[in-house]
Trainee: 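Structure below; questions to follow.
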Amino acid sequence: GAVVSQHPSRVICKSGTSVKIECRSLDFQATTMFWYRQFPKQSLMLMATSNEGSKATYEQGVEKDKFLINHASLTLSTLTVTSAHPEDSSFYICSARPAAGGNTIYFGEGSWLTVV
Amino acid sequence: GENVEQHPSTLSVQEGDSAVIKCTYSDSASNYFPWYKQELGKRPQLIIDIRSNVGEKKDQRIAVTLNKTAKHFSLHITETQPEDSAVYFCAASIWGAGGTSYGKLTFGQGTILTVHP
């Protein structure tokens, strides 16, 4: 089946630094990807919709200058957490829908971010 | 925007019993309702889904029912097994011919299911 890969799976960074997470569709093209954040024992909350070749659409309450999203190709979207703080520590997970259509959304493996 | 409420937050059953998890949604435009099983630190796994033109769907021990009028849908797991223990999420989405919201999922709060041997 279709595969969406995220990298890194785990990352620890210092407060004030930035960290980039990649979401890559390995065997299909994705014009749209979605970024979710999941705090421990909580649900997945949509942060933003990443659109290839255009600006991301952010959900209410999500700071676009803090969570930079770039979707420069049909197979790659990146999420950069800028000036990270301990409260940004979370599980970040992406999903992608194939540009060719179909009825399935594919999730990445997720990335654990710990800010110390 | 869409709001999905899920109950119960925790559910404990004995092996072999049935488990039912319920969700309600607010946006009448939503027409696609998937259910996911998630183990700690892993990606959500789609276990069953239903579209608004269908009232019920079954796949072996798992079934989902949908009441469009009342805007609620439920997951039914029969003959539960210890390996069914996980967190289950319902979600709602608008699935259509395209558009930026296509594939955007709004999740319920999750249900921790524990199946005791």
Side-chain angles (χ1 to χ4, degrees), chain A residues 1-6 9-10 23 25 28 30-62 71 90-114, chain B residues 1-10 21 23-25 27 30-54 57 86-114:
Chain A
V3 177
V4 173
S5 177
Q6 264 184 257
S9 56
R10 289 183 179 275
C23 178
S25 55
F28 64 93
T31 51
T32 302
M33 294 183 175
F34 302 91
W35 285 97
Y36 297 84
R37 179 169 54 184
Q38 186 176 29
F39 292 112
K41 298 186 179 182
Q42 294 190 23
S43 186
L44 290 84
M45 298 299 294
L46 180 67
M47 299 176 67
T49 302
S50 172
N51 303 299
E52 186 269 334
S54 64
K55 291 183 179 180
T57 304
Y58 290 83
E59 295 299 302
Q60 192 172 7
V62 178
H71 194 152
S90 186
F91 187 57
Y92 292 86
I93 190 164
C94 68
S95 69
R97 75 174 200 226
N103 301 323
T104 306
I105 285 286
Y106 299 94
F107 281 91
E109 307 100 319
S111 299
W112 284 101
L113 170 63
T114 302
Chain B
E2 175 66 282
N3 182 49
V4 178
E5 297 287 332
Q6 182 173 346
H7 298 280
S9 56
T10 60
I21 304 171
C23 289
T24 60
Y25 62 99
D27 189 347
S30 291
N31 58 8
Y32 175 65
F33 307 93
W35 285 88
Y36 292 91
K37 177 182 181 182
Q38 188 184 32
E39 297 178 5
L40 185 63
K42 301 283 183 66
R43 77 182 91 197
Q45 292 180 291
L46 179 68
I47 56 171
I48 197 168
D49 57 13
I50 191 167
R51 301 187 189 282
S52 60
N53 59 346
V54 176
K57 183 177 178 181
V87 182
Y88 290 81
F89 291 98
C90 62
S93 181
I94 298 172
W95 207 268
T100 55
S101 64
Y102 172 47
K104 172 180 169 180
L105 296 168
T106 301
F107 286 88
Q109 295 85 348
T111 297
I112 301 172
L113 173 64
T114 304

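Everything quoted here is computed from the prediction, not taken from an experiment. Just so we're on the same page: letters track the sequence lines, and every chain starts at 1.
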Trainee: Q6(A) versus chain B, heavy atoms under 4.5 Å apart: side chain, backbone, both or neither?
Mentor: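 Nothing of Q6(A), per the 4.5 Å heavy-atom cut-off to chain B.
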
Trainee: We want to know whether Q38(B) and Q38(A) form a side-chain donor-acceptor pair, criterion being a heavy-atom distance below 3.5 angstrom.
Mentor: yes

Trainee: Quick check on the interface: out of P40(A), S95(A), G108(A), who has the most heavy-atom pairs with chain B under 4.5 Å?
Mentor: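 Going by pairs under 4.5 Å, I would pick G108(A).
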
Trainee: Would you mind checking which part of Q42(A) comes under 4.5 Å of any heavy atom in chain B, side chain (CB onward), backbone (N, CA, C, O), both or neither?
Mentor: backbone

Trainee: Working to the nearest 0.5 Å, report the span between CG of L105(B) and CZ of R97(A).
Mentor: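 L105(B) CG to R97(A) CZ: 11.0 Å, rounded to 0.5 Å.
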
Trainee: Does any N or O in the side chain of S43(A) come within less than 3.5 Å of the main-chain N or O of G108(B), such that one atom is a donor and the other an acceptor?
Mentor: yes

Trainee: Just jot down the ring-ring contact (aromatic ring centres under 6.0 Å, His included) partners of F107(A), sequence neighbours excluded, or say none.
Mentor: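 Checked F107(A) against ring-ring contact (aromatic ring centres under 6.0 Å, His included); matches are Y36(B).
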
Trainee: So, using ring-ring contact (aromatic ring centres under 6.0 Å, His included) as the criterion, who are the partners of F28(A) when residues are at least two apart?
Mentor: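 If we apply the ring-ring contact (aromatic ring centres under 6.0 Å, His included) test to F28(A), skipping adjacent residues, the hits are Y106(A).
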
Trainee: Using a heavy-atom distance cut-off of less than 4.5 Å, which residues of residues 41-49 of chain B contact chain A?
Mentor: G41(B), K42(B), R43(B), P44(B)

Trainee: For T31(A), which atoms come within 4.5 Å of any heavy atom of chain B: side chain, backbone, both, or neither?
Mentor: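 Neither; nothing under 4.5 Å.
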
Trainee: List for me each residue that meets ring-ring contact (aromatic ring centres under 6.0 Å, His included) alongside F89(B), sequence neighbours excluded, and say none if there are none.
Mentor: none

Trainee: Answer whether the closest heavy-atom distance between the side chains of I105(A) and W95(B) falls below 4.5 Å.
Mentor: yes

Trainee: Answer with side chain, backbone, both or neither: which region of L44(A) has an atom nearer than 4.5 Å to a non-hydrogen atom of chain B?
Mentor: both

